[in-house]
Engineer: 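A single structure is presented below for examination.
Throughout, a chain's letter reflects where its sequence line sits, starting with A, and its residues are numbered from 1.
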Amino acid sequence: MSDSTATTEAPAEQPSTDQESKPNFARLFGRYLTEANSVMVTIYSLLLAFLIGGVLLIVSDEYVRSTWSYFFSRPQDALLGSWYLIRDSYLSLFEGAILNLNTLDRFAAGDAGVGDLLRPLSETLTYATPLIFTGLAVGIAFKAGLFNIGAQGQMIFGILGALIVGFALDLPIWIHLPLAVLAGAAAGGLFGAVPGLLKATTGAHEVISSIMLNNIAALFLVWAIGTDFLHSELSTQLVTKGVDESATLPTLLSSLNETLRVNAGLLIGIAAAVFTWWLLSKSTFGFRIRSVGFNENASQTAGMHIGRTYTTTMAVSGAIAGLAGAALSLGVFSTGVTTSTPLQYGFDGITVALLGRANPGGIVAAALLFGALKAGALSAQPDVPVDISTLLQAIIVLFIAAPALVKAILHLRTPRGGLVTLEAKGW
Amino acid sequence: MAVDTQTLPAMVDERAPVRRVKGGVTYAVLGLFLLAIAVAVLGGDRTTTIAFDRTLTDLHWAVPTRPVVLALGAITAAAGAWMLLGLPQRWTKFASAAAVTAFVVGLLFWSYSEPGTVFRAESILAGALFLSMPYIFGALSGVVCERSGVINIGIEGQFLMGAFTGVLVANITGNVYAGMAGAMLAGLLSTMLLALLATKYQVNQVVVGVILNLLALGFTSFMYDQLKKTEGFNNAFSIPTISWGPLADIPILGPVLFQQKLFVYVGLVMVFVVWFLLYRTRWGLRTRAVGEHPAAADSMGVNVNRLRYWNVTLAGLISGFGGAWFTIANSLAFNKDMTAGLGFVALAVMIVGRWNPLGVLAGALIFGFTTQIARDLDASGSALIPGDFLKMLPYAVTLVVVAGLIGKARAPKADGVPYNPGDK
């Protein structure tokens, strides 16, 4: 049982260059920009990721690649071609995620309503909703020093739990909807507690056990959809029954336009973020989580049950991931769940939690950013490969997790408190 | 309290009788389960057919299922009872092995007793060895990294990079062996990033490993979509099966050992090469020292971080080659996320093998066999267990093994701990 510790790097040299001149605002701001503090590392990570993404777009595009082969005879072809490719790709991501410029023109001319204008934003919020939950799930486990990579599987069980309560029971909406949401949380929580319990009792590392449970859950979903109990009577495709009207999450903006899919799941997500913030910083349980995450041995000496904290933290984490599943099967997929319903939301939760630095507010912001990337990438395909969102996410969080790398690439200064990265335990 | 018992070696002996009771109860229950199956489920007319399908194709050996399962159940239960009643310490392993073997063979007899299923012994064993290859390559790469003190959780990503690059280079050059070299290079570049981050930038290796997996997944999926727009970048390439002339006609041994693809021979040789390097050379001693006690190695003049850097980087050659197995050895084109979590199963194999190449070989063979049986039963349409549950088998076995073994298997002491020569 070796712990990986020592993730802060001591400041190499004290900033003592300009003691004689009084620091004015511009100088302070300039120093802030060239320092590897967490805000600037985040910003530079985003910029570097989009830069690397641009290079990969150029390299992988057949036409632009061909223009580079005669770069020395006609450099303008290659340079302009590359520029247009990058501009168009990122512009179409932007248009799919935030504001479509064509629709804006039509809106100005009076051909399109507010609803049409809000459509990309609604999509961004729709994709961000499950990410808020899975990000919170991974983040809360991080605080206890646990790396919950199993949000994907926990979410899948949340999908199934909410779905079953959603169609099998016949209740009025005020009890049916909350019950279905809670069923999702309970299913995810039970499934999430397993790796925590295994770690507490046998010492099995939660990364391996939760990945195995992810694979098992994915196969279980495929099997479950095909069973007579869940399978849709109306369709021959691999799709489940839909949930009752009384268990469907109401849409928020469909009065403006039928196609605006964002639903009340978003509100539950924000409530979950507030709850997580309260849990972590105001409750005894949250104190125990942070204490165990900070120093296991000291916590044990102080009388805390380490194993029990692992299990309960993973259960809470799994329950929040289960809510992501509930938001999917009662929301966008209320007419029926397919094998592609979970997408990669659980794995994306890892990147969301890392970018949000495991803090609830940061996680919501990160979920919005990655939700926008996903919405943009899905609307921009096939011109832009859909996996550009996964690629950009991975590059961004790679830099976030390795601030020393950003610092070295851009020759930034070490901030006063040292570089901060996340901790997780070894075997 | 599990942590305490590990740190106190004196308590291990006291725990041994307890474990025998646990094991005894488990085996007794499993044995009774087999007996119950034989009595209640299996009809007296059921037979299990065993065939030597590659060499002696005429030979079909139909065995009545019920008596065999009864006998094997009795052996399992008897071993359990023996362990419960108490037996000399040195017989414990033997009793365990007998119980487990009898139980597994009993399950196989039961599974292959469904009408229409035939246990094609030679195909299944040869397939099992072939399917254990990704586990061998992945776990060997893990062994080299973790023996040096760096956790390589990014094997999955190195597999993906190798699988993708292997096909891409083979398509560009038209040479499948160049593709295999390309796969190794891709693996090397992937681990080089891990090595750099782990040694020079001292990051958290588990977190970064997972991110590198996501990066590899994103990168290969992105490039797959981009290159799909043009023909000729992702055609399947295959390599011939090497047949060793008359040796290949020996029943069982021939198809298993002397009629395989290059990957199998490379994998088997690599096991012994890595074992020899680790335990019989100066490099191996230094590597193990760096993984166990880097400060001591440092004071003896070993450059800890440089050795770690190069070991991790070179381990990428092995996992990258393992990536080529997914595409080239299987004669497949690349597909998104085609490694399906096997890189993580390879990590479990490394733990089962207790960070030792020979143990890795044994673990990989068990996992390969499990995977092969699951596939074969799924394909033969045996209605006993739904196909999706059969596919869960390798993952479930990994879960059980990791939960059951990790407390007893000891990782290199400095595994995952960045070494900073400054703070001693």
Engineer: Answer with side chain, backbone, both or neither: which region of Leu57(A) has an atom nearer than 4.5 Å to a non-hydrogen atom of chain B?
Structural biologist: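 For Leu57(A), the contact with chain B is made by backbone and side chain together.
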Engineer: Test of understanding: with ring-ring contact (aromatic ring centres under 6.0 Å, His included), list the residues that count as partners of Phe326(B), not counting sequence neighbours.
Structural biologist: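 Here the qualifying residues are Phe159(B).
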Engineer: Which bit of Leu198(A) is near chain B, if near means a heavy-atom gap under 4.5 Å: side chain, backbone, both or neither?
Structural biologist: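 Answer is side chain: those atoms of Leu198(A) sit under 4.5 Å from chain B.
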Engineer: Relative to chain A, which segment of Lys228(B) carries a heavy atom at a distance below 4.5 Å: side chain, backbone, both, or neither?
Structural biologist: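 Neither part.
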Engineer: Can you tell me how far apart CD1 (Ile350(A)) and CG (Asn148(A)) are? Round to the nearest 0.5 Å.
Structural biologist: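 Output value for this atom pair is 8.0 Å.
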Engineer: Using non-hydrogen atoms only, which part of Ala216(B) is less than 4.5 Å away from chain A: side chain, backbone, both, or neither?
Structural biologist: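 For Ala216(B), no heavy atom lies under 4.5 Å from chain A.
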Engineer: Answer with side chain, backbone, both or neither: which region of Thr230(B) has an atom nearer than 4.5 Å to a non-hydrogen atom of chain A?
Structural biologist: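 For Thr230(B), side-chain heavy atoms alone lie under 4.5 Å from chain A.
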Engineer: Kindly indicate whether a cation-pi arrangement holds for Lys374(A) with Tyr345(A), taking the cut-offs as under 6.0 Å to the six-membered ring centre and within 45° of the axis.
Structural biologist: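 Judged by the rule, Lys374(A) and Tyr345(A) form a cation-pi pair.
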Engineer: Using non-hydrogen atoms and a 4.5 Å limit, figure out which bit of Val194(A) sits close to chain B: side chain, backbone, both or neither.
Structural biologist: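 No part of Val194(A) comes within 4.5 Å of chain B.
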Engineer: Measure distances from Phe233(B) to the heavy atoms of chain A and classify the residue's part below 4.5 Å as side chain, backbone, both or neither.
Structural biologist: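 Interface part for Phe233(B): side chain.
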Engineer: With sequence neighbours left out, what residues match Phe229(A) under ring-ring contact (aromatic ring centres under 6.0 Å, His included)?
Structural biologist: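 Phe229(A) satisfies ring-ring contact (aromatic ring centres under 6.0 Å, His included) with Phe167(A) once adjacent residues are dropped.
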Engineer: Need one label for Ile216(A): side chain, backbone, both or neither, based on atoms under 4.5 Å from any heavy atom in chain B.
Structural biologist: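 Backbone plus side chain of Ile216(A), per the 4.5 Å heavy-atom cut-off to chain B.
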Engineer: Indicate yes or no: at least one non-hydrogen side-chain atom of Leu131(B) is less than 4.5 angstrom from one of Arg375(B).
Structural biologist: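 Leu131(B) reaches Arg375(B) side chain to side chain.
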Engineer: Below 4.5 Å, heavy-atom pairs only: which of Gly307(A), Pro195(A), Pro385(A), Gly226(A) has the largest tally toward chain B?
Structural biologist: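 The candidate making the most pairs under 4.5 Å is Pro385(A).
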